[in-house]
Asks: 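Quick one: the structure is below, and I'll ask about it shortly.
Hydrogens, waters and symmetry mates play no part in the numbers below; they use all other heavy atoms, side chains included.
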Amino acid sequence: MPSLQESKLAFIGGGNMASAIIGGLVSKGVDKQNICVSEPWDVNREKVAAMGVKTTTSNVEAGGQADILIIAVKPQTTKGVCQELAAAWSQRANLPIIVSIAAGITLQSLQEWLRTSDGRSTHIVRVMPNTPALVSEGASGIFASEDVTLEEKALVNALLSSVSKATEWVDKEDLLDVVTGLSGSGPAYFFAMVEHLVASATALGLSKDQATRLASQTCLGAGKMLVESSDDPTQLRKNVTSPNGTTHAALQTFESLGFQGTVDKAVKAATSRAAELGNTLGKL
């Protein structure tokens, strides 16, 4: 199997996440001419074309001789795309490895839809990325079919490292739903927290611009400490919490209002919804 730099890559779908991965790949030295993107919408296609990669409106043309094919379309259109590709690959000797970032579409569905007329099914990896990939600070959960080799996993790791600082392989597919509830939906939890911090500080007299800058940088700084410190989150929290100090007063308020239970319920709700959507979409 060729290295990432030597591989021919096809993207089915040229939206934001695909653009982020392409940008990361190009920044890591992947030849633009080895990347082809199929995208029906003119605006998206022109956007990725401006990055110097090949573009087309044909899924079959994009995926023709690809070594790695990334499915980056909306879940509702994934079945049709997969079946179109499988039909075109009936005469192809070596099938590409599939990396699907189509939310909620299960491995079983992908295997069924991508099976060629002679009964072959390509090796498939499901990825749950998150939107910070757009600024090369993503976190991704990954699950692979049993036939995916260590070499192929290494290739996927190299692919995702272009936009994800944390890539975690899970050994059960349903754990991708937990990843969705944690990091997939997680950026919105932090955005909401900052939104409410800004509103509170503004009500107490700070300007909205000042409050937004201070809260945003606080979120960024805390995140950097979490990533770079050898201390776990519990210890980091203790380090900044003086007995009977200001932080202690705020955290006691959180505790009295059931903060831990609220977070737990929120993550469980997102996880359950991810599982529900996966079951629904697989039946489309």
Asks: What closest approach, in Å, do Ala211 and Thr202 show between heavy atoms, and which atom pair accounts for it?
Replies: CB-OG1, 4.0 Å
Asks: Between Leu85 and Leu69, is any pair of side-chain heavy atoms under 4.5 Å apart?
Replies: yes
Asks: For Ser200 and His196, indicate whether the former's side chain and the latter's backbone hold a donor-acceptor pair under 3.5 Å.
Replies: yes
Asks: Is there a side-chain contact between Asp42 and Arg45 in this structure, where contact means two heavy atoms from C-beta onward sitting under 4.5 Å apart?
Replies: yes
Asks: Before giving the answer on side chain to side chain donor-acceptor pair (under 3.5 Å), spell out for Gln111 and Ser121 the whole-Å C-alpha distance, their side-chain angles and the decisive distance to 0.1 Å.
Replies: CA-CA 6 Å; Gln111 289 172 327; Ser121 183; 5.4 Å; no
Asks: Please list, one pair per line, the donor and acceptor atoms closer than 3.5 Å that link side chains of residues 6-19 to other protein atoms, with sequence neighbours excluded.
Replies:
unit_1: Glu6; atom_1: OE1; unit_2: Ser3; atom_2: N; d: 3.2
unit_1: Glu6; atom_1: OE1; unit_2: Ser3; atom_2: OG; d: 3.3
unit_1: Ser7; atom_1: OG; unit_2: Ser3; atom_2: O; d: 2.6
unit_1: Asn16; atom_1: OD1; unit_2: Lys47; atom_2: NZ; d: 3.2
unit_1: Ser19; atom_1: OG; unit_2: Gly15; atom_2: O; d: 3.0

Asks: Find out whether Val178 and Val170 are in side-chain contact, i.e. whether some heavy atom of one side chain is under 4.5 Å from a heavy atom of the other.
Replies: no
Asks: What closest approach, in Å, do Ser58 and Ser38 show between heavy atoms, and which atom pair accounts for it?
Replies: C-OG, 3.4 Å
Asks: Would you say CG of Leu150 has more than 12 non-hydrogen atoms from neighbouring residues, nucleotides or ligands within 6.0 angstrom?
Replies: no
Asks: Cluster question for you: counting only ILVMFWY and a side-chain heavy-atom cut-off of under 4.5 Å, with indirect links fine, are Ile22 and Leu134 together?
Replies: no
Asks: Is it true that a side-chain atom of Ser207 and a backbone atom of Gln210 form a donor plus acceptor pair closer than 3.5 Å?
Replies: yes
Asks: For atom CD of Gln33, is the number of surrounding heavy atoms from other residues, nucleotides or ligands below 6.0 Å larger than 12?
Replies: yes
Asks: State, with a plain yes or no, whether a side-chain heavy atom of Asn34 is found less than 4.5 Å away from one of Val53.
Replies: no
Asks: Is a side-chain N or O of Ser183 found less than 3.5 angstrom from the main chain of Gly186, in a donor-acceptor match?
Replies: no
Asks: Whether the side chain of Ser162 engages the backbone of Ala158 through a donor-acceptor N/O pair (distance < 3.5 Å, no angle test) should be reported.
Replies: no
Asks: Heavy atoms only: give me the nearest Met128-Gly184 pair and the separation to one decimal.
Replies: CE-CA, 3.9 Å
Asks: Given side chains that start at C-beta, do those of Val127 and Leu159 come closer than 4.5 Å, heavy atoms only?
Replies: no
Asks: So, does Glu173 use its side chain to make a donor-acceptor pair with the main chain of Leu107 at under 3.5 Å?
Replies: yes
Asks: Considering only heavy atoms from C-beta outward, does the side chain of Val30 approach that of Ile35 to under 4.5 Å?
Replies: yes
Asks: Do Thr262 side-chain atoms and Gly258 backbone N/O form a donor-acceptor pair below 3.5 Å?
Replies: yes
Asks: Verify the neighbour count for atom CG of Asp232: are there more than 12 heavy atoms of other residues, nucleotides or ligands below 6.0 Å?
Replies: yes
Asks: Would you say Arg92's side chain and Gly64's backbone share a donor-acceptor pair under 3.5 angstrom?
Replies: yes
Asks: Is there a path from Val263 to Phe254 through hydrophobic residues (I, L, V, M, F, W, Y) whose side chains come within less than 4.5 Å of each other?
Replies: yes
Asks: Where the side chain of Thr77 meets the backbone of Lys74, is there a donor-acceptor pair that is under 3.5 Å apart?
Replies: yes
Asks: Are the side chains of Leu175 and Trp169 in contact, using a 4.5 Å heavy-atom criterion?
Replies: no
Asks: Is a side-chain donor or acceptor of Asn130 paired with a backbone partner of Ala139 at a separation under 3.5 angstrom?
Replies: yes
Asks: Within a reach of under 6.0 Å around CD of Gln235, are more than 12 heavy atoms found that belong to other residues, nucleotides or ligands?
Replies: yes
Asks: Tell me the closest heavy-atom pair linking Asn239 and Asp231, and the distance in Å.
Replies: ND2-OD2, 3.3 Å
Asks: Does Gln83 CD have over 12 foreign heavy atoms under 6.0 Å away?
Replies: yes
Asks: Shortest non-hydrogen contact from Thr106 to Arg126?
Replies: CA-NH1, 3.8 Å
Asks: Considering only NZ, NE, NH1 and NH2 on the basic side and carboxylate oxygens on the acidic side, decide whether Arg120 and Asp118 come within less than 4.0 Å.
Replies: yes
Asks: Shortest non-hydrogen contact from Trp89 to Leu114?
Replies: CZ3-CD2, 4.1 Å
Asks: Just so I know, are the side chains of Pro96 and Ile68 near enough to count as touching, which here means a heavy-atom distance under 4.5 Å?
Replies: no
